[in-house]
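Notes to accompany the following structure.
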Amino acid sequence: DAKTTQPTSMDCAEGRAANLPCNHSTISGNEYVYWYRQIHSQGPQYIIHGLKNNETNEMASLIITEDRKSSTLILPHATLRDTAVYYCIVNLINNAGNMLTFGGGTRLMVKP
Amino acid sequence: GAVVSQHPSRVICKSGTSVKIECRSLDFQATTMFWYRQFPKKSLMLMATSNEGSKATYEQGVEKDKFLINHASLTLSTLTVTSAHPEDSSFYICSASPAAGVSYEQYFGPGTRLTVT
């Protein structure tokens, strides 16, 4: 079980913000929310993770609801190179050696 | 960030032959590596957990005698697809996390595309 649900696909105009939602209503208190993305025919790439506070790095922002049952990944200014499948994953805090369970992800298409 | 490499990047083999795929952590040591398989337009599915110095742990439905995993050092895990058949054609991806310190991120290799004819 992936423990997360995401829309199958989304479109975004180049230069606009891409907001990718994720539902993780069964998340437990010791699980982080992780986001990875996979560009076509490449290995997945880590984007960001968070526990309960909103997080931001050079790639994206992660907004987690107060009840932690859902989150949104925000790409502030999407470019064509952001076209990829985005995976929302929940995993334990001590994730150093934990496997990741991938769900279906959201296929984001950034259009000119 | 840390780098994981895979070799080869793509391979074509005849049905019935065996193929070995290497996964290397280039700038960190990894006691655990993971092997995933991905069919076209599908998500990644975990095949097995590769443990340095011990036997791999296979997911349900993955034949351990068909997909041989060897994690002989802290920087290398190999996956051998034995007696490959066309249905084994897939994209194989490995991942690893540094053994030392705290790491929340898994680093993925670029993948190996296997085509069995």
Side-chain angles (χ1 to χ4, degrees), chain A residues 1-9 20 22 30-53 55 57-60 62 64 73 83-109, chain B residues 1-6 9-10 21 23 25 28-52 54 56-60 62 71 74 90-114:
Chain A
D1 279 342
K3 300 184 66 174
T4 63
T5 54
Q6 299 176 251
T8 303
S9 64
L20 293 92
C22 179
N30 60 349
E31 288 182 314
Y32 275 91
V33 179
Y34 286 80
W35 284 82
Y36 282 77
R37 73 178 182 185
Q38 185 180 26
I39 295 171
H40 182 62
S41 293
Q42 297 183 23
Q45 174 191 23
Y46 165 85
I47 301 173
I48 199 167
H49 74 280
L51 182 61
K52 54 183 179 181
N53 296 324
E55 302 287 345
N57 63 20
E58 65 278 4
M59 290 183 69
L62 174 60
I64 302 174
L73 179 74
T83 292
V85 178
Y86 287 77
Y87 295 100
C88 170
I89 301 168
V90 297
N91 212 331
L92 293 172
I93 286 175
N94 58 335
N95 182 41
N98 281 4
M99 66 180 188
L100 297 176
T101 301
F102 287 82
T106 296
R107 188 172 298 273
L108 175 68
M109 179 73 71
Chain B
V3 178
V4 173
S5 70
Q6 283 184 239
S9 58
R10 58 177 63 233
I21 302 170
C23 176
S25 54
F28 66 94
Q29 294 183 327
T31 53
T32 303
M33 292 183 174
F34 301 96
W35 286 97
Y36 296 83
R37 179 169 54 181
Q38 185 175 33
F39 293 107
K41 298 192 184 300
K42 299 294 185 181
S43 188
L44 284 79
M45 295 296 294
L46 181 69
M47 298 176 67
T49 301
S50 172
N51 304 299
E52 188 268 335
S54 64
T57 305
Y58 291 83
E59 295 300 298
Q60 190 173 9
V62 178
H71 194 152
L74 288 171
S90 188
F91 193 48
Y92 292 85
I93 306 170
C94 69
S95 73
S97 288
V102 176
S103 174
Y104 297 104
E105 178 178 348
Q106 278 201 23
Y107 300 95
F108 286 81
T112 297
R113 187 162 302 282
L114 170 63

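Numbered from 1 within each chain, the chains take letters A, B, ... in sequence-line order.
- Nearest approach of B/I93 to A/G43, heavy atoms of both residues: CG2-CA, 4.4 Å.
- The stretch residues 33-49 of chain A participates, sequence neighbours left out, in these salt bridge (charged side-chain N to carboxylate O under 4.0 Å, His left out) pairs: A/R37-A/D82.
- One finds the CG atom of A/L100 at 7.5 Å from the CZ atom of B/F34 (value rounded to the nearest 0.5 Å).
- For A/F102 against B/S43, the heavy-atom pair with the smallest separation is CB-OG, 3.2 Å.
- The heavy-atom pair separating B/F91 from A/Q42 by the smallest distance is CE2-O, 3.8 Å.
- Heavy-atom neighbours of B/M45 CE from other residues, nucleotides or ligands within 6.0 Å: at or below the threshold of 12.
- Here the straight-line distance linking atom CD of B/Q106 with atom CD1 of A/I89 works out to 8.5 Å at 0.5 Å rounding.
- The two residues A/Y87 and B/L44 have their closest heavy-atom pair at OH-CD1, 4.1 Å.
- Of the listed residues B/M33, B/K42, B/Q38, the one with more heavy-atom pairs under 4.5 angstrom with chain A than any other is B/Q38.
- For B/S5, the side chain to side chain contact (heavy atoms under 4.5 Å, CB included) test picks out B/R24, B/L26, with sequence neighbours left out.
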